[in-house]
Visitor: 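One structure is given below, represented as structure tokens, and several questions about it will come after.
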Amino acid sequence: MRSDSSDHIFNRSDLIGKEGGQQLLLGVSQLFDNRDNVSYSTRGYYAKLRLAYAPKLWTSTDFNGANLDLDLRGFIPLHKKVTLALQGIFRSTFGKTIPFYNYRELGGDMMMRGYYLGRYRDKTTSLRKLNYAIAFILVLALSVFRELDQPFQKKIAAGMYPVMVADCATSSV
């Protein structure tokens, strides 16, 4: 994020934490998982809640606040070889001084495929995904899904970033 050129946004901006910083997070996590298969789920539910607190220990630009992560998934069998999967993810950071390096990221291979991790950043992000998976044979499946991802903004109406991808995956059942 650092740059020697004066025309880069990090040099012109008053972003907290643009020079880096330190944080210590203390938290709790709860997980519920009754899916039938971790690699290729066809029925069941998954829920993960994580809450972490960061006390102010070092400088005034270091993070002081909390992170909240919620990941909910449901797998509904529609037919012997067809599964409908639903997923919702909510990630938020709370506090008075939230440095840029602690903003929540959208993108990567697990959320919003096709966008590199960190392409969209904000204090709060959410994802809603609908996945339709068809198993052809025991170890090969085709998955088509639709994602709606959203960084939240106070001044500008938050936009949805749709992603539609066909994905081929292998699974050992």
Visitor: Can you sort out the partners of Arg35 under side chain to side chain donor-acceptor pair (under 3.5 Å), two or more places apart, ordered by chain and number?
Guide: Asp33
Visitor: Just jot down the side-chain contact (heavy atoms from CB on, under 4.5 Å) partners of Pro55, sequence neighbours excluded, or say none.
Guide: Tyr53, Leu57
Visitor: Which hydrophobic side chains are connected to Val38, either touching it within the sub-4.5 Å cutoff or through other members that do?
Guide: none
Visitor: Please evaluate residues Thr125 and Glu105 with respect to the criterion side-chain contact (heavy atoms from CB on, under 4.5 Å), reporting the C-alpha separation (whole Å), side-chain torsions for both, the decisive distance (0.1 Å), and the verdict.
Guide: CA-CA 7 Å; Thr125 62; Glu105 301 173 325; over 6 Å; no
Visitor: What distance do Phe75 atom CZ and Arg73 atom CZ have between them, rounded to the nearest 0.5 Å?
Guide: 6.0 Å
Visitor: Return the minimal non-hydrogen interatomic distance between Tyr103 and Lys123, and the atom names on each side.
Guide: OH-CE, 3.4 Å
Visitor: Give the other cluster members for Tyr46, using side-chain heavy-atom distances under 4.5 Å between Ile, Leu, Val, Met, Phe, Trp and Tyr residues; answer none if it is isolated.
Guide: Leu31
Visitor: Could I get the full list of side chain to side chain donor-acceptor pair (under 3.5 Å) partners for Asn34, not counting sequence neighbours?
Guide: none
Visitor: Distance from Gln22 atom CD to Leu24 atom CG, nearest 0.5 Å?
Guide: 10.0 Å
Visitor: Could you work out, with side chain to side chain donor-acceptor pair (under 3.5 Å) as the rule, every residue matching Thr83, not counting sequence neighbours?
Guide: none
Visitor: Return the minimal non-hydrogen interatomic distance between Ala54 and Asn64, and the atom names on each side.
Guide: O-ND2, 3.1 Å
Visitor: Could you tell me which residues satisfy side-chain contact (heavy atoms from CB on, under 4.5 Å) with Thr93, sequence neighbours excluded, listed by chain and number?
Guide: Phe63, Asn67, Ile98, Asn102, Arg104
Visitor: Do the non-hydrogen side-chain atoms of Gln87 and Asp71 ever get within less than 4.5 Å of each other?
Guide: yes
Visitor: For Leu68, give me all partners under side-chain contact (heavy atoms from CB on, under 4.5 Å), at least two apart in sequence or on another chain.
Guide: Leu49, Leu51, Phe90, Phe94
Visitor: At what distance, to the nearest 0.5 angstrom, does CG of Asn37 lie from OG1 of Thr42?
Guide: 7.5 Å
Visitor: Applying salt bridge (charged side-chain N to carboxylate O under 4.0 Å, His left out), name anything that partners Arg50, two or more places apart in sequence or on another chain.
Guide: Asp69
Visitor: Membership question, hydrophobic clusters at under 4.5 Å side-chain separation (ILVMFWY): are Tyr45 and Leu84 in the same one?
Guide: no
Visitor: Any sub-3.5 Å donor-acceptor pair from Asp36's side-chain atoms to Ser41's backbone N or O?
Guide: no
